[in-house]
Peer 1: 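Below is one structure. I have some questions about it.
Whatever order the structure lists ligands and atoms in, that order sets their numbers, starting from 1. Note that the coordinates shown come from a computational prediction; the quantities given were computed from them, not determined experimentally.
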Amino acid sequence: MSRVYNFSAGPAVLPEEVLREAADEMLDYKGSGMSVMEMSHRSKTYDGIIKEAEKDLRSVMNIPANYKVLFLQGGASQQFAMIPMNLMKNRVADYIITGQWAKKAYQEAKLYGTANAVADSSDKTFSYIPDCSDLPISKDADYVYICENNTIYGTKFHTLPDTKGKTLVADVSSCFLSEPVDVTKYGVIYGGVQKNIGPAGVVIVIIREDLITEDVLPGTPTMLRYKTHADADSLYNTPPAYGIYICGKVFKWIEKMGGLTAMKERNEKKAKLLYDFLDHSALFKGTVEKDSRSLMNVPFVTGNDELDAAFVKEAAEAGLVSLKGHRSVGGMRASIYNAMPIEGVEALVRFMGEFEKAHA
Ligand SMILES: *Cc1c(COP(=O)(O)O)cnc(C)c1O
């Protein structure tokens, strides 16, 4: 068996320890005589798994009691509709457009009401986070929406926008659990887990209880109401049971590693290695303004498409895979999520150095 260093943006690398544990429990989960995949989601054993996953996430993120944790499906993309359907009481919301995911959410919201783009960084191909200290927030906005870490462009909000008292809704798909977070600053925090937590198929929504009401837009399907899932503790229908089980293992892994403070230190150390190299390289350069850089997704280019392609190919041959940039940006992107060991980033930087020498 040989494992590669996988820099995929998502689905992405998982902690090897977690995969081994899951492998050990594959045929017989703790004496149940069956795999978690084969188990009724109404069984006592599974109830224990989902409850413990929620408890561990609450502890890792320090989630206050007045927030619900929901394990849902439909990808982060389904939240683009669920958020306006459930929260747009006045049918007005403000969106900060910092990349394709924010833009898609904004366009979806337009199906349900007035969505205003109150800030936008498309003028420089989303290479920075706009100043959000004094935005023209709409008086009757139901919420202000951000994509906190922009997976494709490699930018991150290092300061949350001043929403002038409006509810903040954040897509944290690609920075979930990468550093400590003050949950009380948000009304809704959500993300697909396939970037930084677990396998594709699970979306986690952390939502303040007062935002969960029956007052949703007319025609909102039962399955797309937060209340449906909150009232049923995420067991209204069959949940993505196996995926939640793996997420639970990842929460325990994070706790064991020292929690989110330790995760942040580790992530900063990894990102610094790569950014320092980029800042001093004669061949490669980062594409993002320094004060907007993501700890998780690091896009870079040589400025020459053929060299970029050669780099991606040769890196893969050296066991450094999925470094091709998003199709809309080109170049390269290294996603260095929680589960990427520092050795992986060291190997990448070493390889970049060798490639640079060979092509200088
Ligand atoms: C990947 C991604 C999405 C889309 O996720 P799906 O689960 O495929 O719908 C949305 N937002 C961000 C920030 C992402 O990285």
Side-chain angles (χ1 to χ4, degrees), residues 6-14 70-85 93 95-109 111 115 119-122 125-129 143-158 160-161 168-179 181 186 188-207 223-224 229 239-240 242-244 246-247 250 267 288 292-299 322 324-329 333-340:
N6 176 8
F7 295 92
S8 170
V13 57
L14 287 169
L70 308 177
F71 295 101
L72 307 179
Q73 305 186 57
S77 301
Q78 184 160 282
Q79 293 306 309
F80 299 169
M82 226 166 139
I83 287 158
M85 282 176 154
Y95 280 71
I96 299 173
I97 315 296
T98 52
Q100 285 194 23
W101 296 120
K103 197 167 164 190
K104 281 192 172 163
Y106 163 67
Q107 282 163 343
E108 190 73 8
L111 298 175
D120 183 323
S121 57
S122 62
T125 48
F126 299 119
S127 59
Y128 69 104
I129 298 291
Y143 58 87
V144 176
Y145 182 101
I146 61 168
C147 178
E148 192 161 334
N149 185 81
N150 296 279
T151 325
I152 296 173
Y153 299 94
T155 60
K156 156 108 208 278
F157 280 84
H158 294 295
L160 292 176
L168 179 65
V169 174
D171 174 356
V172 300
S173 295
S174 49
C175 60
F176 227 150
L177 304 181
S178 62
E179 54 184 277
V181 48
Y186 304 78
V188 180
I189 301 177
Y190 81 92
V193 305
Q194 74 273 23
K195 307 286 161 68
N196 202 24
I197 303 182
V202 183
V203 179
I204 297 175
V205 176
I206 300 161
I207 177 169
M223 274 294 286
L224 298 188
H229 300 284
Y242 193 80
I244 294 168
I246 299 288
C247 290
V250 172
N267 288 330
V288 168
S292 298
R293 284 170 164 175
S294 164
L295 286 182
M296 298 279 96
N297 311 99
V298 183
S322 299
K324 195 172 183 321
H326 187 272
R327 58 190 185 280
S328 66
V329 184
R333 171 179 49 174
S335 294
I336 49 177
Y337 294 123
N338 286 350
M340 173 59 66

Peer 1: Do Tyr190 and Gln78 have side-chain N/O donor and acceptor atoms under 3.5 Å apart?
Peer 2: no

Peer 1: For the pair Ile146 and Thr98, evaluate side chain to side chain contact (heavy atoms under 4.5 Å, CB included) and give the outcome as yes or no after the intermediate values.
Peer 2: CA-CA 8 Å; Ile146 61 168; Thr98 52; over 6 Å; no

Peer 1: Who pairs with Lys103 by side-chain contact (heavy atoms from CB on, under 4.5 Å), at least two apart in sequence or on another chain?
Peer 2: Ile97, Gln107

Peer 1: Applying side chain to side chain donor-acceptor pair (under 3.5 Å) between Tyr337 and each of Asn267, Asn297, Asn196, report the one that passes.
Peer 2: Asn297

Peer 1: Can you work out which protein residues put a heavy atom within less than 4.0 Å of ligand 1?
Peer 2: Gly75, Ala76, Ser77, Phe80, Trp101, Cys147, Asn149, Thr151, Asp171, Ser173, Gln194, Lys195

Peer 1: Would you say the side-chain atoms of Thr155 and Ser292 include a donor-acceptor pair closer than 3.5 Å?
Peer 2: no

Peer 1: Any luck finding a side-chain donor-acceptor pair between Tyr143 and Tyr95 under 3.5 Å?
Peer 2: yes

